[in-house]
Number of protein chains: 2
Amino acid sequence: MDHLDFQALQLMVRQGRITWAELAPQLGLSPPAAAERVRRLEEKGMIKGYGAVLDREALGYDLTAFVGADLSHQRHRAEFLALVGSRPEILECHHVAGDHDYILKICCRNARALDRFINDVLKQGEAVARTRSIIVLSTVKEEMFVPTETGSDPGTAGG
Amino acid sequence: MDHLDFQALQLMVRQGRITWAELAPQLGLSPPAAAERVRRLEEKGMIKGYGAVLDREALGYDLTAFVGADLSHQRHRAEFLALVGSRPEILECHHVAGDHDYILKICCRNARALDRFINDVLKQGEAVARTRSIIVLSTVKEEMFVPTETGSDPGTAGG
DNA sequence: GTTGAAATATGCATTAA
DNA sequence: TTAATGCATATTTCAAC
C-alpha cells in the first residue's frame, strides 16, 4: 500500500459521503484515479464497508455498558456466539485475555433495559455463567479507526 | 421521529455507500423524498457523520486492547482529556462507574507499540496513576449502532 | 411527496506516461 | 501499470405541482 492509498483510506473514513470530485483534488488525482484507488482498497479488504455514524443518545439509547461475560463451559461457546450475532444491542464482542472470557459492548435505552437484557437474554441459556457490568457515565471519545503511520505495511512485508 | 425516519437511519447504517435511487424504494419513497428525510436526520444530529469501516488487521494494526485508567487526581482531568483527544490510537474513551475511572479502547500495531503507548504516552504526564490492560484475542463482533425499536422516541416525549 | 428538467457526478474507453 | 481526458450514462438537486 503506497502513500496515496493510505491517504485515500484516511479521507474515506473522515469524510464519508464525499464525491470523487471532492476527494480527488485532496489526493492530487483526477476523480477516476481516486475512485480506482478506493475500489482497489475495497477489493483488498482494507475497506470493509461504509455506514452512517448515529448519535445513540439523540435516538434515546441513553445507556452504554461494557459487560464482562464468562462461559460456563467451552461446550456452550457456539450457543454464546450465536446469541451474540443475533442481538443488535450487542455492539461489540471481544474474546479477551483477562478477568473474563468475553467483553461485550452493550447499548440500550436505560438501566431497566440492560437489566432485562442481562437476565432474560445473556443468562437465559446455559452458556453464560457470570457477568460483570461496567456502566458508561459519559463518553469522551468514540471514533472510527484511522490508520496513522505511512511507513511500509508490515502485513505484506516479506510476502 | 416517525417510522420512515427510523427506517432511513437503519438503511443508511447498514447499506452505506448507496444511492438515493436504491434507497428510496426500500422506504417506499421517491429519491428526493428519501434524501430530504436523511437531510433532516443530519440536521437533527441523529446522523453524526459517515465513514468507511476499515479492517484494522488488514492494515497491520493487529492489537486491540481495553485499557482501564485511573487518574492520579481530579486536577489532572483536563490534561488527560487533552491527551485522549490528541492520540489517534485511542479509538474510544469512556468515563465509567467501576474499577477504573476511564476505559480506553486502543488499537496499535503490536504488543510493543502498546507497551510504548502506555509508558511513553499514557503514563508520561502526571494525569494517569495506574492502568490495567485487557488484550483482545479475537473480535467476534464489532458493528455500528443501529436502532432497533420503532416505538415512540423517549428522547422527545413530552417536549 | 411526486414528477420532470437541469446540474452534477460517475464509469468507461482511450491515450499518454 | 497507473493516471489523465472526454464522452455517455446515472445520479442528485431544484422547482412546480
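Just so it is clear, the values below take in all heavy atoms, side chains as well, and ignore hydrogens, waters and symmetry mates. All chains are named by letter (A, B, ...) in the order of the sequence lines, taking the proteins before the strands, and each is independently numbered beginning at 1.
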A.B. asks: Is the distance from OP1 or OP2 of D:dA10 to the nearest side-chain N or O of B:W20 less than 4.0 Å?
C.D. replies: no
A.B. asks: Strictly by modelled atom types, are B:Q26 and B:Q15 linked by a side-chain donor-acceptor pair under 3.5 Å?
C.D. replies: yes
A.B. asks: A side-chain contact here means heavy atoms from C-beta on lying under 4.5 Å apart; do B:L81 and A:K141 qualify?
C.D. replies: no
A.B. asks: Go nucleotide by nucleotide along DNA chain C from the 5' end; which of B:D2 and B:R17 gets its closest nucleotide reached first?
C.D. replies: B:D2
A.B. asks: Measure from CD1 on A:I18 to C1' on D:dT12 and round the result to the nearest Å.
C.D. replies: 16 Å
A.B. asks: Please pick, from D:dT5, C:dG1, C:dA9, the nucleotide with the shortest atom-to-atom distance to any side-chain atom of A:S30.
C.D. replies: D:dT5
A.B. asks: Whole angstroms only, please: what is the CE-C1' distance between A:M1 and D:dT2?
C.D. replies: 17 Å
A.B. asks: Please give, in whole Å, the distance from C:dA16 P to A:L29 CG?
C.D. replies: 20 Å
A.B. asks: Using a heavy-atom cut-off of under 4.0 Å over every strand shown, decide if B:P32 touches base, sugar-phosphate, or nothing.
C.D. replies: base
A.B. asks: Quickly work out the A:E22 CD to D:dT12 C1' distance and round it to whole Å.
C.D. replies: 12 Å
A.B. asks: Please check if atom CD in A:E79 has more than 12 non-hydrogen atoms from other residues, nucleotides or ligands closer than 6.0 Å.
C.D. replies: yes
A.B. asks: Decide whether A:T139 and A:E142 meet the rule of one side-chain donor and one side-chain acceptor closer than 3.5 Å.
C.D. replies: no
A.B. asks: May I ask you to verify if any side-chain N or O of B:R37 is less than 4.0 angstrom from the OP1 or OP2 atom of C:dG1?
C.D. replies: yes
A.B. asks: Do A:E92 and A:Y102 get their side chains close enough for a donor-acceptor pair, meaning under 3.5 Å?
C.D. replies: no
A.B. asks: Between atom CD in B:E36 and atom C1' in D:dA16, what is the gap in whole Å?
C.D. replies: 16 Å
A.B. asks: In whole angstrom, give the distance that lies between atom CG of B:L23 and atom P of D:dT11.
C.D. replies: 13 Å
A.B. asks: Side chain of B:A21: nearest nucleotide among D:dA4, C:dT2, D:dT12?
C.D. replies: D:dT12
A.B. asks: With a non-hydrogen cut-off below 4.0 angstrom, is B:L27 in contact with a base, only sugar-phosphate, or nothing?
C.D. replies: nothing
A.B. asks: Which is true for B:T19 with a 4.0 Å heavy-atom rule: it touches a base, it touches only sugar-phosphate, or it touches nothing?
C.D. replies: sugar-phosphate
